[in-house]
Amino acid sequence: MAFHWQTFRTRALTAILFVAVMAAGLLISKWGFLLLFTVVHFGGWAEFLRLRRQFPDRSSTGISVGDLLGGGLYLTLPLFLLCDLRFDWLHTQTATGDAGLDDVTRLSLVLLLIFSIWINDTMAYIVGSLIGKTPLSPISPKKTWEGTAGGALLAVGVMSALAWAVDPALTRHAAAISAIAAITGTIGDLFESKLKRTAGVKDSGSFMPGHGGFLDRFDSLLFAAPCVWLYVALAL
């Protein structure tokens with residue numbers, strides 16, 4: 001897969017703006033976090049329903065029970081668990097039975113999840129562009145095993161090193177969470193690619209030049225968030 005500088009530059013510029021918006025939503029206040037992922041939730045639902053209406057076996061343009069169930073599992077549940085990871089709405093206890101995690105720790109876990117996905121996606125794209133030769137899946141022909149492995153290893157390495165610098169005791173948890181995010185995030189990417197291929201479209205939307213729509217941008221997070229939530233519930 002040849003490296004295209006124009007494509008990379010477009011993706012990089014829009015990614016900078018995207019990171020700025022995400023940083024504001026994640027860090028400024030809890031209300032900003034809720035607003036950010038409320039927009040993602042409803043934007044993702046709009047794109048999901050549009051994709052479903054374009055499926056070749058679709059007999060109606062209306063919203064079916066299958067659409068509601070599928071969208072609930074694909075969008076609403078993961079984003080709810082992401083918010084619970086941040087706010088502890090379910091009032092979960094730690095694996096040792098102690099009181100729940102403090103606010104700073106919960107924010108750190110969310111940032112660890114999201115940064116792991118970003119590093120994995122970016123590095124997988126770069127490594128795959130430079131040395132990728134073996135296709136990962138026919139669902140997404142541009143993805144390669146080399147890029148996938150490189151992205152995952154770099155995500156685990158970077159996040160583990162950062163955790164070790166802050167608190168060595170957290171290193172194994174950072175490594176586990178970044179690995180979970182990288183692996184399940186890649187599966188989420190492939191799942192969304194399958195949705196688009198079935199619908200016969202290239203992108204789920206167009207709100208981000210070079211990155212597509214809400215589902216294109218958050219497909220990895222939708223699969224990774226529930227898995228990381230489960231790890232935190234069982235291991236921390």
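Source: prediction; values computed, not measured. All values below were derived from every heavy atom in this structure, side-chain atoms included, with hydrogens, water molecules and symmetry-related copies excluded.
- Side-chain heavy atoms closer than 4.5 Å link hydrophobic residues (I, L, V, M, F, W, Y) into clusters, and following such links, possibly through other members, connects Leu162 to Leu112.
- We find the NZ-OG distance between Lys142 and Ser129 to be 9.0 Å, quoted to the nearest 0.5 Å.
- Paired with Arg86 under the rule side-chain contact (heavy atoms from CB on, under 4.5 Å), one option of Asp103, Leu109, Leu34 passes, and it is Asp103.
- Considering only heavy atoms from C-beta on, Ile63 comes within 4.5 Å of Leu49 through its side chain.
- When atom types are taken as modelled, the side chain of Ser160 and the backbone of Gly157 share no donor-acceptor pair closer than 3.5 angstrom.
- Taking OH of Tyr125 as the reference point, atom CG of Leu130 lies at 9.5 Å (rounded to 0.5 Å).
- The shortest heavy-atom contact between Pro78 and Leu75 is CD-O, 3.4 Å.
- Rounding to the nearest 0.5 Å places CE of Met22 at 5.0 Å from CG of Leu36.
- Between the CD1 atom of Ile180 and the CD1 atom of Ile117 there is a distance of 11.5 Å, given to the nearest 0.5 Å.
- A distance-only check finds no donor-acceptor pair linking the side chain of Arg50 to the backbone of Gln54 [under 3.5 Å].
- Annotation: side chain of Lys143 is in contact with side chain of Leu190 (closest heavy-atom distance under 4.5 Å).
- With hydrophobic clusters built from ILVMFWY side chains whose heavy atoms lie under 4.5 angstrom apart, Leu81 shares a cluster with Phe214.
- A donor-acceptor pair under 3.5 Å is formed between the side chain of Glu47 and the backbone N or O of Leu215.
- In this structure, the side chain of Glu146 does not engage the main chain of Val127 through any donor-acceptor pair within 3.5 Å.
- A distance below 6.0 Å separates the ring centres of Trp118 and Phe115.
- The heavy-atom pair separating Ser178 from Ala175 by the smallest distance is OG-O, 3.0 Å.
- Of the possible donor and acceptor atoms, none in the side chain of Thr122 sits under 3.5 Å from a partner among the backbone N and O of Ile119.
- Taken together through direct or relayed side-chain contacts under 4.5 Å among Ile, Leu, Val, Met, Phe, Trp and Tyr, Val39 and Phe18 form part of one hydrophobic cluster.
- In this structure, Leu27 and Leu111 have side chains that are in contact, with non-hydrogen atoms separated by less than 4.5 Å.
- Taking the six-membered ring where the residue is Trp, Phe191 and Phe223 present tilted rings, their angle falling between 30° and 60°.
- Phe42 and Leu79 are not part of a single hydrophobic cluster, where members link through side-chain heavy atoms under 4.5 Å apart.
- In the hydrophobic clustering of this structure, Ile139 does not group with Ile187; members are Ile, Leu, Val, Met, Phe, Trp, Tyr whose side-chain heavy atoms approach within less than 4.5 Å, directly or through other members.
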- Message: Assess the residue pair Leu236 and Thr105 against the criterion (side-chain contact (heavy atoms from CB on, under 4.5 Å)); give the C-alpha distance rounded to whole Å, side-chain angles, the decisive distance to 0.1 Å, and a yes or no.
- Response: CA-CA 11 Å; Leu236 292 180; Thr105 300; 5.7 Å; no
- Query: Given Leu113 and Trp229, is the side-chain contact (heavy atoms from CB on, under 4.5 Å) satisfied, shown in steps?
  - Reply: CA-CA 10 Å; Leu113 164 60; Trp229 180 91; over 6 Å; no
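- Side chains of Leu107 and Lys30 form no contact here, defined as non-hydrogen atoms less than 4.5 Å apart.
- Closest heavy-atom contact between Thr184 and Cys227: CG2-SG, 3.6 Å.
- Using modelled atom types, no side-chain atom of Lys196 and backbone atom of Val201 make a donor-acceptor pair closer than 3.5 Å.
- Rounded to the nearest 0.5 angstrom, Ser193 OG and Asp219 CG are separated by 7.0 Å.
- Between Phe48 and Tyr74, the angle of the ring planes lies from 30° to 60°, which puts this pair in the tilted group.
- Considering only heavy atoms from C-beta on, His173 comes within 4.5 Å of Tyr231 through its side chain.
- Side-chain N or O atoms of Asp189 include none that pairs as donor or acceptor with a backbone N or O of Ser220 at under 3.5 Å.
- Between Phe33 and Phe37, the ring-plane angle classifies as tilted under the 30° and 60° cut-offs.
- Looking at Leu69 and Leu73, their side chains never come closer than 4.5 Å, going by heavy atoms from C-beta outward.
- The existence of a salt bridge linking Arg53 and Asp67 is excluded, since no basic side-chain nitrogen approaches an acidic carboxylate oxygen closer than 4.0 Å.
- Heavy atoms only, all atoms of each residue included: Arg106 and Leu101 are closest at NE-O, 3.5 Å.
- The two atoms that bring Pro141 and Pro135 nearest to each other are O-CB, 4.4 Å, heavy atoms only.
- In this structure a side-chain-to-backbone donor-acceptor pair under 3.5 Å is missing from Asp203 to Ser206.
- One finds the CG atom of Asp216 at 3.5 Å from the OG atom of Ser204 (value rounded to the nearest 0.5 Å).
- The shortest side-chain heavy-atom distance between Leu221 and Val40 does not fall under the 4.5 Å cut-off.
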